[in-house]
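Single-structure report; data block below.
As the structure lists them, so they are numbered: ligands from 1, and atoms in each ligand from 1. Remember, predicted model here, so these are calculated numbers, not experimental data.
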Amino acid sequence: MNIQASTWNDLIVAMATPPGVGAIGVVRLSGVGSIELVNSMFPSKDLTKELGNTIHVGLLTTNDIALDEVVVSLFRAPRSYTGEDIIEISCHGSPYIQQQIIEACIVKGARIAKPGEFTLRAFLNGKMDLIQAEAVADLIASGTKAAQETALNQVKGGFSHVLSSLREELIKFSALIELELDFSQEDVEFADRSGLRILLNKIEHTVGELLHSFQLGNVIKNGVSVAIVGKPNAGKSTLLNALLQENRAIVSSIAGTTRDTIEEVLNIDGILFRLVDTAGIRNSNDEIEAIGIERTMEKMDKADIVLYMFDVNDESTHELKKVESELKEKSKSFLLIGNKADDAKTIESAQHKFDVENMLLLSAKHQFNLDQLKSKLIHKVISGALNTENTIVTNARHFQSLQKVESSILSIQKGMDQHIPGDLLAIDIRQCLYHLGEITGEITNDDQLDFIFSKFCIGK
Ligand SMILES: Nc1nc2c(ncn2[C@@H]2O[C@H](COP(=O)(O)OP(=O)(O)OP(=O)(O)O)[C@@H](O)[C@H]2O)c(=O)[nH]1
Ligand SMILES: [Mg+2]
């Protein structure tokens, strides 16, 4: 994508609704001349004389052939999503009609928009900063309430306002320190050093909190993978089915029933857990089963959380301790699930027998203690209440830049402790300003914008 000023206000067109048949479809145009273009296809009214934020019903025609009866929404620059003139044509949801309308627009001089180009323009025209623009893509992709709320919070401004205002304050200090350089012979200090320290602490604190929120942010956006592993017949597939409340995996009393991994998504309190049922681990001469067990090992290594499931009537304490220490050695987040604890007597003797932490007794078959398993899973992820009102960083790009801001703040503070000269301090401050600006988009380059917006869908 070429993001030069001369090319980013030309006329673009795209479907804003997904492909396929629907009740209506929306074709969106933005850029100089979009109102005139649609007006030339709209004989019943002179759209060029209409005000912004208005809608108009009429026939859409090309070369005197009627294409459809449509509703045209008209927005005038700068009061539109992109900040340019925008027309949205709501037509009937036939892919054929939509295609004809787009083709007619192209014949009249529009070009097909690139992915995210409407939002890119909104950013370039100052309608939103980069954090907000990126959150638009997250909002479209959100699949849970928590993901939706975090993205919406950022579209509405989220942490960009805080970072921008801290950056503004730092710019003032930077200017004063640079001014001192002009008077370097006279040993003057325009920039109040104690004020600068207070500001640096404020930035450090804010950035620290944002960095801390990333792990949770990532979980909200991408979900958590949970591998259910254990010996054959432990009840892994029964547990998967019970959690999903459907007969997804085959359950049988034959050891080695599950051969390949089975993945399903479970939403617990707004967080997506990607559950993976695996082939039971044992020494097997069966070629296919052996491959399945290899996959189990892979899934276990990759999982965020491992549920090691065992039959309380079957497993020895020694075996369980061994598994526990192996998982600890791998620094895995894990839970030991003692299954087939069907009645009070079995529960009591199992509690006695297995003296390990991180153990939960349940009965997958009788669906006993599953709620406790769910709350333990949630607790493992967020260790506390999930509050999406808080500002949460979900984006790896922001996370990396925040890390750089943090390390540049440390260098400035260290420099001040060592009373380094103003010109060196100014370099560190410039570095910090640069990384803060990278996050909100005050500092960008074409490649970076290209990368960010190419992940959008066309029409947004
Ligand atoms: N009594 C009792 N039986 C259970 C329980 N959970 C599972 N089972 C039984 O244990 C047997 C094995 O269950 P599966 O869910 O197929 O076990 P698995 O761990 O997936 O086994 P593989 O796929 O062979 O690795 C089945 O006969 C289940 O009905 C339980 O909580 N209590
Ligand atoms: Mg199974």
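By the 3.5 Å distance cut-off applied to N or O atoms, I250 is not counted among the residues near ligand 1. Residue G256 has at least one nitrogen or oxygen atom sitting less than 3.5 Å from a nitrogen or oxygen atom of ligand 1, judged on distance alone. Note: an N/O pair closer than 3.5 Å links K236 and ligand 1 by distance alone.
Looking at atom 2 (C) of ligand 1, its nearest protein heavy atom turns out to be D342 OD2, 3.4 Å. Looking from atom 13 (O) of ligand 1 to the surrounding protein, the closest heavy atom is T238 OG1, 3.5 Å.
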Would you sort out whether R259 and D286 count as a salt bridge (Lys or Arg N to Asp or Glu O under 4.0 Å), showing the intermediate values? CA-CA 10 Å; R259 295 272 181 128; D286 182 304; 3.2 Å; yes
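For the 3.5 Å distance criterion, the side chains of S160 and D129 qualify, holding a donor opposite an acceptor. E315 and Y308 share a side-chain donor-acceptor pair at under 3.5 Å. H435 and Q431 are linked by a side-chain donor-acceptor pair at a separation below 3.5 angstrom, with hydrogens and angles left out of the test.
Only the backbone of A255 comes within contact range of ligand 1, with a heavy atom under 4.0 Å; no side-chain atom does. The backbone of S252, and not its side chain, has at least one atom closer than 4.0 Å to an atom of ligand 1 (non-hydrogen atoms only; backbone = N, CA, C, O).
The count of protein N, O or S atoms under 2.8 Å from the Mg ion (ligand 2) stands at 2, with waters excluded from the count.
Side-chain atoms of L272 and N267, non-hydrogen and from C-beta on, do get closer than 4.5 Å to each other. For the pair F159 and T206, the minimum side-chain heavy-atom distance is 4.5 Å or more.
Partners of F214 under the ring pair (Phe, Tyr, Trp, His ring centres under 6.0 Å) rule, at least two apart in sequence or in another chain, are F399. For the side-chain contact (heavy atoms from CB on, under 4.5 Å) test, residues two or more places apart in sequence or in another chain that qualify with Q148 are L139, S142, K145.
Taking 4.0 Å as the cut-off, I254 counts as a neighbour of ligand 1 on heavy-atom distance.
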Can you list, pair by pair, the side-chain donor-acceptor contacts under 3.5 Å of residues 365-372, counting residues two or more places apart and other chains?
from, atom 1, to, atom 2, distance (Å)
Q367, OE1, Q245, NE2, 3.1
N369, ND2, L361, O, 2.8

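Each of L433, L410, I412 was scored for a side chain to side chain contact (heavy atoms under 4.5 Å, CB included) with D428, with one residue passing: I412.
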